[in-house]
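When reading the values below, keep in mind they use all heavy atoms of this one structure, side chains included, and skip hydrogens, waters and symmetry mates.
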Protein chains: 2
Amino acid sequence: MDVRTICLGILSRGDHTGYEIKKHFEIDGFFVEPSFGSIYPALNKLTEDGLVLVRAEAQLKRPDRKIYSITPAGRRVFLDALMQPLAEDRYRSPFLFAMLFADLLPAPRVDGLFEEFVAQAQRRLAQLPEKSDVETEGERFVLDFGRTMYITMLDYLRQQRAKFADVVPNAAE
Amino acid sequence: MDVRTICLGILSRGDHTGYEIKKHFEIDGFFVEPSFGSIYPALNKLTEDGLVLVRAEAQLKRPDRKIYSITPAGRRVFLDALMQPLAEDRYRSPFLFAMLFADLLPAPRVDGLFEEFVAQAQRRLAQLPEKSDVETEGERFVLDFGRTMYITMLDYLRQQRAKFADVVPNAAE
DNA sequence: CCCACCTATGTCAGTCCGATATAGATCGGG
DNA sequence: CCCGATCTATATCGGACTGACATAGGTGGG
């Protein structure tokens, strides 16, 4: 699912600027979150290819807002992309990798890793949109998926942290 | 957690070829899985920097096996990397992205997406190493983390699929 | 009033993925 | 017994993506 397709998806729900597309996925960032460095070039390419249109909105003493809207051709291409075989999900976790080597680390470091990871999961859980903000059944499914996974993760961490405290005295203060 | 650090980590547990490093992470691939295209250059760079040593082992009518081993300097660099602030976890899911647009898709496609995703999760769950294969407390933690997450995921999918079948008749045949 | 943060665009170096190339060994099924 | 599939094992390369940086003024809280 490349950044061009992601942009088409957002734009199929309404007009937006590149900046707004980025912001949108900071919320849904638990499963996609392209950077500016890929969004802006993607939007340029889509414009070239006639899949989106731009209109510049002048702003006083600021760069123009460039508002993108999807074209009928863009909708066709997007729908077609959703019908193609999807790439597999990828979960990349520096935390879990580091935990493989917990035995090499000082106890306070292991404790710190736990703490940061719990904080990260809590923050992301809190950032998920409200149920009242979702409109389609698909969005509800995705939202609940995220909520379920984060809650499970936090439960597991709390429970395991106690165990680690036994094995590595002082690891949990 | 870049590929160089990942290679150092594996080599800190024992000598391996690039090929073996890749294979190792097909098992733990639920949280890291670098490709050949990044492993081989990483090993070359590590060799240049004196963090690993290579010895070539001739093989009859096959390319030499290049067996890498970590140096004391490599261990120091690895340990230091584990003490630095870690990047955040990233979960990239083409499936969840596509599900945001389930309302635009034909019911059989949504059904197919579910099926493939369930199959993927089952396959990965089955691929996790046996408990008897793990040696450290950290490895056990990571393994159980993976198991817990996949089982939760599969439960959620089974339960939601029934709901989707109500909302989108025929979606689950 | 200042500092931090927000809106908003964009570039660039470095990193990584996925496909491709090469080449023989091994193994099960028809 | 042979054919295709899969495995070992190396490596390169184009294209995609990230994260940091640059620019520049507005807004709001302490």
Practice prompt. Look at the rings of B:Phe97 and A:Phe78 and say which category their plane angle falls in: under 30° parallel, 30 to 60° tilted, over 60° perpendicular.
Written response: perpendicular

Item to complete: Give A:Arg90 one of three labels, base, sugar-phosphate or nothing, depending on what nucleic acid heavy atoms sit under 4.0 Å from its own.
Response: sugar-phosphate

Discussion item. What is the distance, to the nearest angstrom, from the NZ atom on A:Lys22 to the P atom on D:dG19?
Written reply: 9 Å

Practice prompt. Verify the contact: side-chain N or O of A:Tyr40 to OP1 or OP2 of C:dG10, cut-off strictly under 4.0 Å; return yes or no.
Written response: no

Worksheet item: CD1 of B:Ile67 versus P of D:dT8: gap in Å, rounded?
Response: 15 Å

Discussion item. In whole Å, I'd like the distance from the NZ atom of B:Lys23 to the P atom of D:dA9.
Written reply: 10 Å

Practice prompt. Can you tell me the distance, in whole Å, between the CG atom of B:Leu43 and the C1' atom of D:dA11?
Written response: 12 Å

Item to complete: Give a yes or no on whether a salt bridge exists between B:Asp144 and B:Arg140, defined as a side-chain N under 4.0 angstrom from a carboxylate O.
Response: yes

Practice prompt. Inspect the contact between B:Asp15 and B:Arg55 and indicate whether a charged nitrogen and a carboxylate oxygen are less than 4.0 angstrom apart.
Written response: yes

Worksheet entry | Atom-to-atom span, CZ of B:Arg65 to C1' of D:dA11 - whole angstrom | 17 Å

Worksheet item: How many Å lie between CD on A:Glu20 and P on C:dT9, as a whole number?
Response: 8 Å

Worksheet item: A:Arg92 side chain N/O closer than 4.0 Å to the phosphate oxygens (OP1, OP2) of C:dC16?
Response: no

Response to the item:
From the candidates C:dT9, C:dC17, D:dC17, the one with an atom nearest any side-chain atom of A:Ser38 is D:dC17

Worksheet item: Closer than 4.0 Å, any side-chain N/O of B:Lys66 to the OP1 or OP2 of D:dA11?
Response: yes

Worksheet item: Given the rule in the side-chain hydrogen bond (donor to acceptor under 3.5 Å, both in side chains) test, do A:Thr5 and A:Asp2 qualify, once you have shown the distances and angles that lead to the verdict?
Response: CA-CA 6 Å; A:Thr5 307; A:Asp2 64 21; 2.9 Å; yes

Item to complete: With heavy atoms under 4.0 Å as the rule, sort B:Glu88 into base, sugar-phosphate or nothing.
Response: nothing

Discussion item. Can you tell whether the side chains of B:Arg161 and B:Glu115 come within less than 4.0 Å, N to carboxylate O?
Written reply: yes

Discussion item. If you compare all heavy atoms of A:Arg4 against all heavy atoms of A:Ala42, which two are closest, and at what distance to 0.1 Å?
Written reply: CG-CB, 3.8 Å

Worksheet item: Taking the side chain of A:Ser35 as heavy atoms from C-beta outward, which of D:dA16, D:dA11, D:dG19 is closest to it?
Response: D:dG19

Fill in: Rounded interatomic separation in angstrom, taking CD from A:Glu33 and P from D:dC17
14 Å

Fill in: Atom-to-atom span, CD1 of B:Ile39 to C1' of C:dC16 - whole angstrom
11 Å

Fill in: Selected nucleotide, minimal atom distance to A:Tyr19 side chain, candidates C:dA8, C:dT15, C:dG10
C:dA8

Item to complete: Between B:Gly37 and A:Met1, name the one whose nearest nucleotide on DNA chain D is closer to the 5' end.
Response: B:Gly37

Practice prompt. Please work out which of the three classes, parallel, tilted or perpendicular, describes the rings of A:Tyr40 and A:Phe36, given edges at 30° and 60°.
Written response: parallel

Discussion item. Are more than 12 heavy atoms, taken from residues, nucleotides or ligands other than A:Glu135, located less than 6.0 Å from that residue's CD atom?
Written reply: no

Discussion item. Under 4.0 Å, counting only non-hydrogen atoms across every strand here, what does A:Pro41 touch: a base, just sugar-phosphate, or nothing?
Written reply: nothing

Worksheet entry | 5' precedence on DNA chain D between A:Phe36 and B:Gly18 (nearest-nucleotide basis) | B:Gly18

Practice prompt. Would you indicate, yes or no, if D:dT10 has its OP1 or OP2 atom less than 4.0 angstrom from a side-chain nitrogen or oxygen of B:Thr17?
Written response: yes

Fill in: Estimated bend of the helix from C:dC1-D:dG30 to C:dG30-D:dC1 (axis per five terminal pairs, rounded to 10 degrees)
50°

